[in-house]
Protein chains: 2
Amino acid sequence: MRANRDDAGGQDQRHRCSCTSLRKASRRISQLYDVALAPCGLKTTQRAILGELRRSEPATLGQLAAALVMDAGALAHTLKPLERDGYLAIGIDPNDRRARLIRLTPIGQAKLIESDALWEQAQHRFDSLFGAAQSESLRAALTILISGEFAAGFEVSLS
Amino acid sequence: MRANRDDAGGQDQRHRCSCTSLRKASRRISQLYDVALAPCGLKTTQRAILGELRRSEPATLGQLAAALVMDAGALAHTLKPLERDGYLAIGIDPNDRRARLIRLTPIGQAKLIESDALWEQAQHRFDSLFGAAQSESLRAALTILISGEFAAGFEVSLS
DNA sequence: GACCTATATCTGCATATGCTGATAATCAGA
DNA sequence: TCTGATTATCAGCATATGCAGATATAGGTC
(Lines give C-alpha, C1' and ligand atoms only; values in the text may rest on other atoms or scores of the structure.)
Protein backbone atom coordinates (compact mmCIF):
# COMPACT_ATOMS: atom_id res chain seq x y z
CA MET A 1 0.00 0.00 0.00
CA ARG A 2 2.70 2.34 1.02
CA ALA A 3 4.72 1.16 -1.94
CA ASN A 4 1.78 1.71 -4.22
CA ARG A 5 1.37 5.22 -3.00
CA ASP A 6 5.02 5.89 -3.63
CA ASP A 7 4.71 4.56 -7.12
CA ALA A 8 1.68 6.68 -7.74
CA GLY A 9 3.67 9.61 -6.49
CA GLY A 10 6.36 8.83 -8.99
CA GLN A 11 3.80 8.74 -11.75
CA ASP A 12 2.34 12.03 -10.63
CA GLN A 13 5.70 13.69 -10.79
CA ARG A 14 5.60 13.29 -14.50
CA HIS A 15 2.32 15.16 -14.62
CA ARG A 16 4.05 18.10 -13.13
CA CYS A 17 6.18 19.05 -16.06
CA SER A 18 6.91 22.75 -15.76
CA CYS A 19 7.16 23.09 -19.51
CA THR A 20 3.90 21.33 -20.24
CA SER A 21 2.14 23.35 -17.54
CA LEU A 22 3.42 26.53 -19.12
CA ARG A 23 2.29 25.44 -22.56
CA LYS A 24 -1.17 24.47 -21.36
CA ALA A 25 -1.60 27.71 -19.47
CA SER A 26 -0.30 29.62 -22.47
CA ARG A 27 -2.85 27.97 -24.74
CA ARG A 28 -5.71 28.52 -22.34
CA ILE A 29 -4.98 32.14 -21.50
CA SER A 30 -4.14 32.98 -25.10
CA GLN A 31 -7.54 31.74 -26.12
CA LEU A 32 -9.19 33.96 -23.49
CA TYR A 33 -7.23 37.05 -24.46
CA ASP A 34 -7.71 36.36 -28.16
CA VAL A 35 -11.47 36.31 -27.71
CA ALA A 36 -11.24 39.56 -25.79
CA LEU A 37 -9.12 41.16 -28.52
CA ALA A 38 -11.17 39.74 -31.38
CA PRO A 39 -13.22 42.93 -31.95
CA CYS A 40 -10.07 44.73 -33.10
CA GLY A 41 -8.84 41.88 -35.26
CA LEU A 42 -5.47 41.39 -33.57
CA LYS A 43 -4.26 38.24 -31.85
CA THR A 44 -2.32 38.45 -28.61
CA THR A 45 0.91 37.67 -30.40
CA GLN A 46 0.33 40.37 -32.97
CA ARG A 47 -0.50 42.92 -30.31
CA ALA A 48 2.66 41.96 -28.47
CA ILE A 49 4.70 42.65 -31.58
CA LEU A 50 3.10 46.01 -32.26
CA GLY A 51 3.37 46.90 -28.58
CA GLU A 52 7.05 46.08 -28.50
CA LEU A 53 7.55 48.28 -31.54
CA ARG A 54 5.73 51.14 -29.84
CA ARG A 55 8.33 50.99 -27.10
CA SER A 56 11.46 50.56 -29.19
CA GLU A 57 10.85 51.83 -32.66
CA PRO A 58 12.57 51.40 -35.02
CA ALA A 59 13.87 47.95 -34.24
CA THR A 60 15.79 45.39 -36.25
CA LEU A 61 14.45 41.90 -36.70
CA GLY A 62 17.04 40.57 -34.29
CA GLN A 63 16.27 43.13 -31.60
CA LEU A 64 12.57 42.48 -31.90
CA ALA A 65 13.06 38.73 -31.80
CA ALA A 66 15.18 38.99 -28.67
CA ALA A 67 12.66 41.24 -26.94
CA LEU A 68 9.85 38.84 -27.77
CA VAL A 69 11.89 35.74 -26.93
CA MET A 70 11.33 34.43 -30.43
CA ASP A 71 13.45 32.88 -33.10
CA ALA A 72 14.33 35.51 -35.71
CA GLY A 73 13.22 33.34 -38.58
CA ALA A 74 9.91 32.65 -36.91
CA LEU A 75 9.40 36.33 -36.29
CA ALA A 76 10.12 37.12 -39.92
CA HIS A 77 7.25 34.83 -40.89
CA THR A 78 4.94 36.29 -38.27
CA LEU A 79 5.63 39.82 -39.44
CA LYS A 80 4.37 39.12 -42.94
CA PRO A 81 0.65 39.25 -42.19
CA LEU A 82 1.19 42.46 -40.21
CA GLU A 83 3.16 44.01 -43.04
CA ARG A 84 0.58 42.83 -45.57
CA ASP A 85 -2.16 44.47 -43.52
CA GLY A 86 -0.21 47.71 -43.38
CA TYR A 87 0.40 47.78 -39.63
CA LEU A 88 4.16 47.95 -39.93
CA ALA A 89 6.79 48.81 -42.50
CA ILE A 90 10.08 47.04 -43.02
CA GLY A 91 12.98 49.00 -44.50
CA ILE A 92 16.70 48.53 -44.89
CA ASP A 93 18.98 50.02 -42.27
CA PRO A 94 21.20 52.50 -44.18
CA ASN A 95 23.94 52.03 -41.59
CA ASP A 96 24.00 48.27 -41.93
CA ARG A 97 22.36 47.03 -45.05
CA ARG A 98 22.12 43.51 -43.70
CA ALA A 99 19.67 44.73 -41.10
CA ARG A 100 16.04 45.76 -41.42
CA LEU A 101 14.39 48.64 -39.64
CA ILE A 102 10.88 47.80 -38.59
CA ARG A 103 8.41 50.57 -37.71
CA LEU A 104 4.77 51.00 -36.93
CA THR A 105 2.75 52.70 -39.64
CA PRO A 106 0.08 55.26 -38.68
CA ILE A 107 -2.47 52.54 -39.33
CA GLY A 108 -0.57 50.21 -37.03
CA GLN A 109 -0.39 52.85 -34.31
CA ALA A 110 -4.11 53.44 -34.57
CA LYS A 111 -4.88 49.73 -34.46
CA LEU A 112 -2.67 49.30 -31.43
CA ILE A 113 -4.43 52.14 -29.63
CA GLU A 114 -7.75 50.60 -30.57
CA SER A 115 -6.61 47.34 -29.00
CA ASP A 116 -5.45 49.02 -25.80
CA ALA A 117 -8.94 49.31 -24.32
CA LEU A 118 -9.77 45.70 -25.14
CA TRP A 119 -6.49 44.53 -23.67
CA GLU A 120 -7.07 46.49 -20.49
CA GLN A 121 -10.43 44.83 -20.03
CA ALA A 122 -8.90 41.39 -20.45
CA GLN A 123 -6.00 42.17 -18.16
CA HIS A 124 -8.33 43.58 -15.55
CA ARG A 125 -10.49 40.50 -15.71
CA PHE A 126 -7.42 38.34 -15.30
CA ASP A 127 -6.18 40.27 -12.29
CA SER A 128 -9.61 40.30 -10.66
CA LEU A 129 -10.16 36.62 -11.13
CA PHE A 130 -6.69 35.41 -10.23
CA GLY A 131 -6.05 38.05 -7.62
CA ALA A 132 -3.94 41.17 -8.01
CA ALA A 133 -1.16 39.97 -5.75
CA GLN A 134 -1.11 36.51 -7.28
CA SER A 135 -1.01 38.02 -10.76
CA GLU A 136 1.85 40.28 -9.87
CA SER A 137 3.70 37.40 -8.31
CA LEU A 138 3.11 35.18 -11.33
CA ARG A 139 4.37 37.79 -13.75
CA ALA A 140 7.46 38.26 -11.58
CA ALA A 141 8.13 34.54 -11.67
CA LEU A 142 7.65 34.44 -15.43
CA THR A 143 10.00 37.37 -15.87
CA ILE A 144 12.73 35.32 -14.25
CA LEU A 145 12.05 32.36 -16.51
CA ILE A 146 12.05 34.61 -19.57
CA SER A 147 15.40 36.15 -18.67
CA GLY A 148 18.50 35.18 -20.54
CA GLU A 149 20.23 34.45 -17.25
CA PHE A 150 17.83 31.64 -16.52
CA ALA A 151 18.35 30.09 -19.94
CA ALA A 152 22.11 30.48 -19.60
CA GLY A 153 22.09 28.81 -16.20
CA PHE A 154 19.93 26.02 -17.51
CA GLU A 155 22.24 25.28 -20.38
CA VAL A 156 25.35 25.46 -18.26
CA SER A 157 24.00 22.73 -16.01
CA LEU A 158 24.01 20.50 -19.09
CA SER A 159 27.73 19.97 -18.78
CA MET B 1 7.86 64.85 -12.62
CA ARG B 2 5.26 63.03 -10.65
CA ALA B 3 3.02 63.16 -13.72
CA ASN B 4 5.80 61.79 -15.88
CA ARG B 5 6.33 58.92 -13.51
CA ASP B 6 2.64 58.17 -13.60
CA ASP B 7 2.69 58.21 -17.38
CA ALA B 8 5.67 55.91 -17.45
CA GLY B 9 3.84 53.65 -15.06
CA GLY B 10 0.92 53.57 -17.44
CA GLN B 11 3.20 52.59 -20.26
CA ASP B 12 4.82 49.90 -18.16
CA GLN B 13 1.48 48.42 -17.33
CA ARG B 14 1.17 47.43 -20.94
CA HIS B 15 4.44 45.54 -20.69
CA ARG B 16 2.93 43.42 -18.01
CA CYS B 17 0.49 41.49 -20.11
CA SER B 18 -0.11 38.20 -18.36
CA CYS B 19 -0.80 36.47 -21.63
CA THR B 20 2.31 37.75 -23.34
CA SER B 21 4.42 36.86 -20.32
CA LEU B 22 3.04 33.35 -20.42
CA ARG B 23 3.73 33.04 -24.12
CA LYS B 24 7.28 34.31 -23.78
CA ALA B 25 8.00 32.00 -20.87
CA SER B 26 6.41 29.14 -22.75
CA ARG B 27 8.64 29.76 -25.77
CA ARG B 28 11.76 30.09 -23.69
CA ILE B 29 11.22 27.06 -21.48
CA SER B 30 9.99 24.96 -24.39
CA GLN B 31 13.23 25.65 -26.17
CA LEU B 32 15.22 24.56 -23.13
CA TYR B 33 13.23 21.37 -22.63
CA ASP B 34 13.26 20.61 -26.35
CA VAL B 35 17.04 20.75 -26.39
CA ALA B 36 17.12 18.46 -23.38
CA LEU B 37 14.74 16.00 -25.06
CA ALA B 38 16.42 16.22 -28.47
CA PRO B 39 18.46 13.00 -28.03
CA CYS B 40 15.24 10.97 -28.03
CA GLY B 41 13.69 12.83 -30.95
CA LEU B 42 10.53 13.97 -29.18
CA LYS B 43 9.42 17.55 -28.64
CA THR B 44 7.90 18.62 -25.36
CA THR B 45 4.44 18.73 -26.90
CA GLN B 46 4.79 15.26 -28.33
CA ARG B 47 6.02 13.87 -25.04
CA ALA B 48 3.07 15.52 -23.32
CA ILE B 49 0.69 13.75 -25.70
CA LEU B 50 2.30 10.36 -25.25
CA GLY B 51 2.48 10.91 -21.49
CA GLU B 52 -1.18 11.76 -21.30
CA LEU B 53 -1.97 8.60 -23.21
CA ARG B 54 0.11 6.56 -20.79
CA ARG B 55 -2.14 7.79 -18.01
CA SER B 56 -5.51 7.46 -19.73
CA GLU B 57 -5.27 4.95 -22.50
CA PRO B 58 -7.27 4.50 -24.62
CA ALA B 59 -8.56 8.02 -25.06
CA THR B 60 -10.77 9.65 -27.65
CA LEU B 61 -9.59 12.70 -29.52
CA GLY B 62 -11.92 14.86 -27.50
CA GLN B 63 -10.77 13.52 -24.15
CA LEU B 64 -7.16 13.93 -25.12
CA ALA B 65 -7.73 17.46 -26.38
CA ALA B 66 -9.47 18.43 -23.15
CA ALA B 67 -6.70 16.96 -21.02
CA LEU B 68 -4.08 18.82 -23.03
CA VAL B 69 -6.07 22.06 -23.19
CA MET B 70 -5.97 21.93 -26.95
CA ASP B 71 -8.44 22.39 -29.76
CA ALA B 72 -9.56 18.98 -31.06
CA GLY B 73 -8.83 19.92 -34.66
CA ALA B 74 -5.37 21.11 -33.75
CA LEU B 75 -4.70 17.92 -31.87
CA ALA B 76 -5.83 15.83 -34.82
CA HIS B 77 -3.14 17.54 -36.90
CA THR B 78 -0.52 17.13 -34.21
CA LEU B 79 -1.23 13.43 -33.87
CA LYS B 80 -0.41 12.73 -37.49
CA PRO B 81 3.38 12.83 -37.20
CA LEU B 82 3.15 10.62 -34.11
CA GLU B 83 0.92 8.14 -35.89
CA ARG B 84 3.14 8.24 -38.95
CA ASP B 85 6.17 7.46 -36.78
CA GLY B 86 4.34 4.53 -35.21
CA TYR B 87 4.18 5.91 -31.66
CA LEU B 88 0.42 5.70 -31.43
CA ALA B 89 -2.47 3.99 -33.19
CA ILE B 90 -5.86 5.49 -33.94
CA GLY B 91 -8.84 3.17 -34.22
CA ILE B 92 -12.59 3.54 -34.31
CA ASP B 93 -14.52 3.15 -31.10
CA PRO B 94 -16.85 0.17 -31.67
CA ASN B 95 -19.31 1.61 -29.16
CA ASP B 96 -19.52 4.96 -30.89
CA ARG B 97 -18.26 4.93 -34.39
CA ARG B 98 -17.95 8.70 -34.48
CA ALA B 99 -15.21 8.51 -31.91
CA ARG B 100 -11.61 7.38 -32.23
CA LEU B 101 -9.69 5.35 -29.70
CA ILE B 102 -6.10 6.45 -29.45
CA ARG B 103 -3.50 4.17 -27.91
CA LEU B 104 0.24 4.00 -27.47
CA THR B 105 1.97 1.37 -29.54
CA PRO B 106 4.80 -0.69 -28.03
CA ILE B 107 7.19 1.56 -29.94
CA GLY B 108 5.50 4.60 -28.48
CA GLN B 109 5.71 3.18 -24.98
CA ALA B 110 9.40 2.47 -25.42
CA LYS B 111 10.05 5.93 -26.82
CA LEU B 112 8.22 7.50 -23.93
CA ILE B 113 10.24 5.51 -21.41
CA GLU B 114 13.39 6.52 -23.25
CA SER B 115 12.36 10.15 -22.89
CA ASP B 116 11.63 9.83 -19.19
CA ALA B 117 15.26 10.04 -18.13
CA LEU B 118 15.90 13.07 -20.32
CA TRP B 119 12.78 14.76 -19.02
CA GLU B 120 13.77 14.11 -15.43
CA GLN B 121 17.12 15.76 -16.02
CA ALA B 122 15.48 18.83 -17.50
CA GLN B 123 12.89 19.03 -14.77
CA HIS B 124 15.54 18.65 -12.11
CA ARG B 125 17.60 21.40 -13.67
CA PHE B 126 14.53 23.61 -13.75
CA ASP B 127 13.71 22.97 -10.10
CA SER B 128 17.29 23.47 -9.00
CA LEU B 129 17.70 26.70 -10.87
CA PHE B 130 14.32 28.23 -10.10
CA GLY B 131 14.06 26.77 -6.62
CA ALA B 132 12.00 23.78 -5.59
CA ALA B 133 9.46 25.80 -3.62
CA GLN B 134 9.17 28.43 -6.33
CA SER B 135 8.69 25.75 -8.95
CA GLU B 136 6.01 24.04 -6.95
CA SER B 137 4.28 27.33 -6.38
CA LEU B 138 4.46 28.24 -10.06
CA ARG B 139 2.98 24.94 -11.15
CA ALA B 140 0.19 25.38 -8.64
CA ALA B 141 -0.58 28.82 -10.04
CA LEU B 142 -0.54 27.50 -13.59
CA THR B 143 -2.86 24.67 -12.61
CA ILE B 144 -5.42 27.24 -11.58
CA LEU B 145 -5.08 29.13 -14.85
CA ILE B 146 -5.39 25.89 -16.81
CA SER B 147 -8.58 24.88 -15.03
CA GLY B 148 -11.89 25.16 -16.75
CA GLU B 149 -13.24 27.10 -13.80
CA PHE B 150 -10.83 29.93 -14.46
CA ALA B 151 -11.80 30.09 -18.12
CA ALA B 152 -15.48 29.95 -17.21
CA GLY B 153 -15.09 32.78 -14.71
CA PHE B 154 -13.16 34.83 -17.22
CA GLU B 155 -15.81 34.50 -19.87
CA VAL B 156 -18.64 35.21 -17.48
CA SER B 157 -17.09 38.51 -16.60
CA LEU B 158 -17.53 39.45 -20.23
CA SER B 159 -21.21 40.13 -19.68
C1' DG C 1 -38.68 4.25 -39.79
C1' DA C 2 -38.07 9.33 -41.24
C1' DC C 3 -36.47 13.50 -39.16
C1' DC C 4 -34.20 16.83 -36.31
C1' DT C 5 -30.65 17.78 -33.16
C1' DA C 6 -26.47 17.08 -30.78
C1' DT C 7 -21.83 15.24 -30.91
C1' DA C 8 -17.06 13.56 -32.58
C1' DT C 9 -14.03 14.14 -36.13
C1' DC C 10 -12.04 15.71 -40.28
C1' DT C 11 -10.46 19.15 -43.76
C1' DG C 12 -8.76 23.25 -45.33
C1' DC C 13 -7.02 27.65 -44.34
C1' DA C 14 -4.28 30.82 -41.60
C1' DT C 15 -1.11 32.10 -38.17
C1' DA C 16 2.69 30.80 -34.78
C1' DT C 17 7.14 29.01 -34.11
C1' DG C 18 11.63 26.71 -34.62
C1' DC C 19 15.61 24.98 -37.20
C1' DT C 20 18.86 24.58 -40.96
C1' DG C 21 21.23 25.90 -44.90
C1' DA C 22 21.86 29.83 -48.21
C1' DT C 23 22.80 34.70 -49.11
C1' DA C 24 24.33 39.24 -48.34
C1' DA C 25 26.90 42.60 -45.90
C1' DT C 26 30.30 43.93 -42.29
C1' DC C 27 34.67 43.80 -40.25
C1' DA C 28 39.17 42.58 -38.58
C1' DG C 29 43.43 41.38 -40.20
C1' DA C 30 47.38 40.08 -43.63
C1' DT D 1 42.57 45.67 -50.86
C1' DC D 2 41.53 40.54 -50.60
C1' DT D 3 40.22 37.13 -47.44
C1' DG D 4 38.23 34.70 -43.76
C1' DA D 5 35.25 35.01 -39.78
C1' DT D 6 31.07 37.01 -38.11
C1' DT D 7 26.50 38.66 -38.34
C1' DA D 8 21.58 39.75 -40.01
C1' DT D 9 18.22 37.95 -42.70
C1' DC D 10 15.83 34.98 -45.71
C1' DA D 11 13.71 30.78 -47.64
C1' DG D 12 12.07 26.30 -47.15
C1' DC D 13 10.47 22.59 -44.40
C1' DA D 14 8.13 20.77 -40.36
C1' DT D 15 5.39 20.96 -36.35
C1' DA D 16 1.97 23.53 -33.31
C1' DT D 17 -2.41 25.58 -32.87
C1' DG D 18 -6.98 27.56 -33.67
C1' DC D 19 -11.28 28.17 -36.20
C1' DA D 20 -15.08 27.40 -39.38
C1' DG D 21 -17.52 24.52 -42.42
C1' DA D 22 -18.40 19.64 -43.94
C1' DT D 23 -19.33 14.79 -42.78
C1' DA D 24 -20.69 10.88 -40.16
C1' DT D 25 -22.97 8.85 -36.35
C1' DA D 26 -26.00 8.78 -32.20
C1' DG D 27 -30.24 9.58 -29.96
C1' DG D 28 -34.71 11.08 -29.26
C1' DT D 29 -39.38 12.12 -31.25
C1' DC D 30 -43.55 11.58 -34.03
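Values below: all heavy atoms of this structure, side chains included; hydrogens, waters and symmetry mates excluded. In what follows, chains are A, B, ... by sequence order, proteins preceding strands, each numbered from 1.
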Atom-to-atom span, [atom1] of [X] to [atom2] of [N] - whole angstrom:
X         : N       : atom1 : atom2 : answer
Leu101(B) : dT9(C)  : CG    : C1'   : 13 Å
Lys43(A)  : dT17(C) : NZ    : P     : 10 Å
Gln46(A)  : dG18(D) : CD    : P     : 15 Å
Asp34(A)  : dT17(D) : CG    : C1'   : 11 Å
Arg98(A)  : dA5(D)  : CZ    : P     : 16 Å
Lys24(A)  : dG18(D) : NZ    : P     : 13 Å

Return the residues of residues 63-96 of chain A meeting this criterion: a heavy atom under 4.0 Å from some atom of DNA chain D. Order them by number, or give none.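 The answer is Ala76(A), His77(A).
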Quick one: is [X] getting a side-chain N or O under 4.0 Å of the [N] phosphate, OP1 or OP2?
X        : N       : answer
Arg27(A) : dT17(D) : yes
Gln31(A) : dC19(D) : yes
Arg23(A) : dA16(D) : no
Thr45(B) : dT17(D) : yes

Residues [X], [Y]: salt bridge by 4.0 Å N-O rule:
X         : Y         : result
Arg47(B)  : Asp116(B) : yes
Lys111(B) : Glu114(B) : yes
Arg139(B) : Asp127(B) : yes

Verdict with supporting geometry, Phe154(B) and Phe130(A), ring pair (Phe, Tyr, Trp, His ring centres under 6.0 Å): CA-CA 10 Å; Phe154(B) 193 93; Phe130(A) 193 51; over 10 Å; no
Give a yes or no on whether the backbone of Arg54(B) and the side-chain of Gln109(B) come within a donor-acceptor separation of less than 3.5 Å. no
Backbone of Leu104(A) reached by a side-chain donor or acceptor of Glu57(A) within 3.5 Å: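 Such a contact is found between Glu57(A) side chain and Leu104(A) backbone.
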base_contact_polar (dT9(D) base, Arg100(A) side chain, donor-acceptor, <3.5 Å): no
Kindly indicate whether the side chain of Arg97(B) and the base of dT25(D) share any N or O donor-acceptor pair separated by less than 3.5 Å? no
Tell me what Thr60(A) touches on the nucleic acid: a base, only sugar-phosphate, or nothing, going by heavy atoms under 4.0 Å. sugar-phosphate
side-chain contact (heavy atoms from CB on, under 4.5 Å) between Glu155(B) and Leu32(A), intermediate numbers included: CA-CA 8 Å; Glu155(B) 283 165 349; Leu32(A) 299 178; 3.9 Å; yes
